[in-house]
2 protein chains.
Amino acid sequence: MQFNIDNTSNRAAYQQIIDQVKRDIALSRLVKDEKLPTVRQLANQLAINPNTIAKSYRLLEREGIIVTKPGSGAFVANLDSNLSRAVRKKLVNDDIERIVVEAFHMQIDKQIILEWFNNAVDKFNLTTKKDG
Amino acid sequence: MQFNIDNTSNRAAYQQIIDQVKRDIALSRLVKDEKLPTVRQLANQLAINPNTIAKSYRLLEREGIIVTKPGSGAFVANLDSNLSRAVRKKLVNDDIERIVVEAFHMQIDKQIILEWFNNAVDKFNLTTKKDG
DNA sequence: ATAGTTGTAATAGTTGAGATAGTACAATAA
DNA sequence: TTATTGTACTATCTCAACTATTACAACTAT
């Protein structure tokens, strides 16, 4: 599990950690029950404050992505969304719309962006609905 | 042209203005050369500081989305992306990946998210590449 | 039990973004 | 000339995102 912080990014450090954990789980690089680096380990490695990592873990736990156990560490949790379908749809669709608007202003072609999106969906292991 | 600010949003006011202008252009609700509300008008209407609107307009002009003319107003500019294809691809793909990762964690189905994305692309008037 | 490791929490301080407020200026339109 | 437009600048305020330090509580290993 390799983490890194892009200091030139305008995305907050704690958010970058969250992004990377989520991304690695989505890519199956991190699997259920796998142990994450400890707060102090990661803080030391990335040369940032332990509280920053602690915050990332706290939020990830609140989202149900990981489980933390004082004295033993932080572990990847079960995948189990607790948001209603309506809420999920709104959250995701707002983001999708924003991207499509950006693409429009960048004059990105319809086929091109659909292709990019398809690639992303294939890259990550989204579930596939069974018929019936 | 109807603007509004969502105070419960954690998105900055000046960003919400930018989002809405871009969105309305992408939806053809705002077309080339159309005049935007004046800084003072909009600030008054939304009950926020004129400098906030000024900032939105300044950034929109820097992006080439609008053209401002002291003494006469702000107008929708020509659509003309000045970013390289590589830069555009990176910007958009980073966003796309983040959304797909979110969708994964929300256990949103592959077909479902592709459908949502298709809907968004259809809603906005993305260009369509000619063959050959 | 004891020692060491883990995540948690609380406090105080720093930095920068976002916004408010006020004023002055320059370009345009009437 | 007069009013309207966007621009520029400064000072101030608030809050998020940290940084830094310390203390604490829960678990593991011995």
Side-chain angles (χ1 to χ4, degrees), chain A residues 1 3-22 30 32-77 98, chain B residues 1 3-22 25 30 32-78 98:
Chain A
M1 184 64 233
F3 289 95
N4 67 301
I5 295 294
D6 176 4
N7 290 307
T8 72
S9 167
N10 43 10
R11 205 158 172 80
Y14 83 99
Q15 259 300 341
Q16 292 188 45
I17 302 290
I18 291 176
D19 287 347
Q20 286 171 47
V21 170
K22 284 185 175 182
L30 279 176
K32 178 162 155 29
D33 295 333
E34 186 165 345
K35 187 177 177 178
L36 293 169
T38 71
V39 167
R40 289 166 180 79
Q41 245 177 31
L42 195 48
N44 202 50
Q45 176 196 326
L46 299 177
I48 62 179
N49 194 277
N51 278 337
T52 303
I53 311 292
K55 180 173 186 176
S56 302
Y57 283 12
R58 199 185 327 132
L59 294 175
L60 280 167
E61 177 154 44
R62 192 174 302 166
E63 276 195 77
I65 309 280
I66 67 174
V67 176
T68 62
K69 291 179 193 163
S72 71
F75 304 85
V76 176
R98 203 172 293 141
Chain B
M1 184 66 233
F3 290 94
N4 64 304
I5 296 292
D6 177 4
N7 290 308
T8 72
S9 167
N10 45 9
R11 203 158 174 79
Y14 83 98
Q15 258 302 340
Q16 293 188 43
I17 302 289
I18 291 177
D19 287 348
Q20 286 172 46
V21 170
K22 285 185 174 180
I25 292 174
L30 278 177
K32 177 162 153 28
D33 296 332
E34 186 165 345
K35 186 177 178 178
L36 294 169
T38 71
V39 168
R40 290 168 180 79
Q41 244 178 31
L42 195 49
N44 201 50
Q45 177 196 325
L46 299 177
I48 62 179
N49 195 277
N51 279 336
T52 303
I53 310 293
K55 180 172 189 176
S56 302
Y57 282 13
R58 198 186 326 134
L59 294 174
L60 281 167
E61 177 153 44
R62 191 173 303 167
E63 275 196 76
I65 309 279
I66 68 174
V67 176
T68 63
K69 291 179 192 163
S72 72
F75 305 85
V76 177
N78 256 325
R98 204 171 293 142

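No experiment lies behind these values; they were computed from the predicted model shown.
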Any idea which heavy atoms bring [X] and [Y] closest together, and the distance?
X	Y	answer
A:Pro37	A:Leu42	CB-CB, 4.2 Å
B:Gln16	B:Arg11	NE2-O, 2.9 Å
B:Thr68	B:Glu61	OG1-OE1, 2.6 Å
A:Val21	A:Leu30	O-CD1, 4.1 Å
B:Phe75	B:Asp33	CD2-O, 3.4 Å

Polar-atom pairs under 3.5 Å, protein N or O versus N or O of nucleotides 16-19 of chain C: list them with distances, or write none.
residue	atom	partner	partner atom	Å
C:dG18	OP1	B:Tyr14	OH	3.4
C:dG18	OP2	B:Tyr14	OH	3.1
C:dA19	OP1	B:Ala13	N	2.3
C:dA19	OP2	B:Tyr14	N	3.3

*State the CG-CD1 distance between B:Asn78 and B:Ile65, to the nearest 0.5 angstrom.*
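If I round to the nearest 0.5 Å, the distance is 11.5 Å.
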_Contact check, side chains of A:Leu36 and A:Tyr57, non-hydrogen atoms, under 4.5 Å_ =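 Side-chain contact under 4.5 Å: yes.
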*Short question: side chain of A:Lys22, backbone of A:Ile17 - any donor-acceptor pair under 3.5 Å?*
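Between the backbone of A:Ile17 and the side chain of A:Lys22 there is no qualifying donor-acceptor contact (under 3.5 Å).
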Please report the distance, rounded to the nearest Å, between [atom1] in [X] and [atom2] in [N].
X	N	atom1	atom2	answer
A:Ile53	D:dA20	CD1	C1'	15 Å
B:Phe75	C:dT28	CZ	C1'	10 Å
B:Asn7	D:dC15	CG	C1'	15 Å

*With a 3.5 angstrom cut-off on both distances, give the Watson-Crick or G-U wobble partner of C:dA10, or none if there isn't one.*
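D:dT21 - that is the nucleotide pairing with C:dA10, both distances being under 3.5 Å.
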*Could you run down nucleotides 1-7 of chain D 5' to 3' and tag each one B, S or - for protein heavy-atom contact under 4.0 Å?*
---BBBB
